[in-house]
Amino acid sequence: MTTDAVEPAGDDGTDTTAQDSAIVTAYLEASMVPDPDRAATYMAPGIEIVFTGARRFRHPREVTAFNAGRYAWVKKRMERLDVVPGDGFTTVYSLGTLYGAWPDGTPFEGNRYVDRFTVRDGVIVTMEVWNDSAERLLTKHDITA
């Protein structure tokens, strides 16, 4: 995985964008185990996690439960992070592909995803998720839309 980042120093001289991208990476790694309780330690209390289809969750365990219904199992190949410094926050985009198996056990790979995180004061305060799962299911069922 590569990281493309501008790295401004914080008030104390620390590199906040590198720290914030490391927080996102640690969250993603925990969420893939899955270990939703460890993943939650990287998130602000009361966070709203918005998934494809405008599905809203408040805790990584809700995401884990949702994914358990959508996939037999799923993992991410994190190809790169795009890191954008802001005024008091960092926006981190994780881009890559999903691989795993559909609920019927059929394997898949190459399913593109983009996750957008906002990190403030050392915790993830927003998370938005997009992927091609719906497109892949349409194709699998020979539906042209």
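Since this is a predicted model, take the numbers as computed values, not measurements.
Heavy-atom minimum distance, Thr17 versus Pro85: CG2-CB, 3.8 Å. When all heavy atoms are compared, the tightest approach of Ala39 to Ser31 is CB-N, 4.1 Å. Scanning all heavy atoms of the two residues, the minimum distance from Thr91 to Phe89 falls at OG1-CE1, 3.7 Å. When all heavy atoms of Gly122 and Ile23 are compared, the pair lying nearest together is O-CD1, 3.2 Å.
Side-chain contact between Tyr113 and Ser94 is present, with heavy atoms from C-beta onward closer than 4.5 Å. Proximity of Asp132 to Arg112: side-chain heavy atoms (C-beta onward) are separated by under 4.5 Å at one or more points. Looking at Val119 and Ile124, their side chains come closer than 4.5 Å, going by heavy atoms from C-beta outward. Contact check for Glu128 versus Phe117: no side-chain heavy atoms found under the 4.5 Å cut-off. Looking at Pro107 and Trp102, their side chains never come closer than 4.5 Å, going by heavy atoms from C-beta outward.
Between the CZ atom of Arg120 and the OG1 atom of Thr16 there is a distance of 12.0 Å, given to the nearest 0.5 Å. Rounded to the nearest 0.5 angstrom, Ile49 CD1 and Met43 CE are separated by 4.0 Å.
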Scan the side chains in residues 51-59 for donor-acceptor partners under 3.5 Å anywhere in the protein, sequence neighbours excluded, and list what turns up.
| residue | atom | partner | partner atom | Å |
| --- | --- | --- | --- | --- |
| Thr52 | OG1 | Val129 | O | 3.1 |
| Thr52 | OG1 | Asn131 | N | 3.3 |
| Arg55 | NH1 | Thr52 | O | 2.7 |
| Arg56 | NH1 | Glu48 | OE1 | 3.3 |
| Arg58 | NH1 | Gly46 | O | 2.7 |
| Arg58 | NH1 | Ile47 | O | 3.4 |
| His59 | ND1 | Arg61 | N | 2.9 |
| His59 | NE2 | Arg61 | NH2 | 3.3 |

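Judged by distance alone, the side chain of Lys75 and the main-chain N or O of Met32 form a donor-acceptor pair under 3.5 Å. Of the possible polar contacts, one joining the Asp35 side chain to the Arg38 backbone as a donor-acceptor pair under 3.5 Å is found. No donor-acceptor distance shorter than 3.5 angstrom exists from the side chain of Thr25 to the backbone of Ala22, with no hydrogens or angles considered.
Thr90 and Asp20 share a donor-acceptor pair across their side chains, judged by distance under 3.5 Å alone. Side-chain atoms of Ser133 and Tyr71 include a donor-acceptor pair closer than 3.5 Å.
By the rule that hydrophobic residues join a cluster once side-chain heavy atoms approach within less than 4.5 Å of another member, Val50 and Trp130 end up as members of separate clusters. Hydrophobic cluster membership is shared by Val114 and Val84, with clusters built from Ile, Leu, Val, Met, Phe, Trp and Tyr side chains linked at under 4.5 angstrom. Taken together through direct or relayed side-chain contacts under 4.5 Å among Ile, Leu, Val, Met, Phe, Trp and Tyr, Phe66 and Leu28 form part of one hydrophobic cluster.
Ring centroid separation for the pair Tyr99 and Trp73 comes in under the 6.0 Å cut-off.
In this view, Arg70 satisfies the salt bridge (charged side-chain N to carboxylate O under 4.0 Å, His left out) rule with no residue, not counting sequence neighbours.
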- Task: Check the pair Glu109, Thr97 against side-chain contact (heavy atoms from CB on, under 4.5 Å), reporting the backbone distance first and the verdict last.
- Result: CA-CA 7 Å; Glu109 63 180 319; Thr97 58; over 6 Å; no
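In this structure, Asp104 places its CG atom where more than 12 heavy-atom neighbours from other residues, nucleotides or ligands lie under 6.0 Å away.
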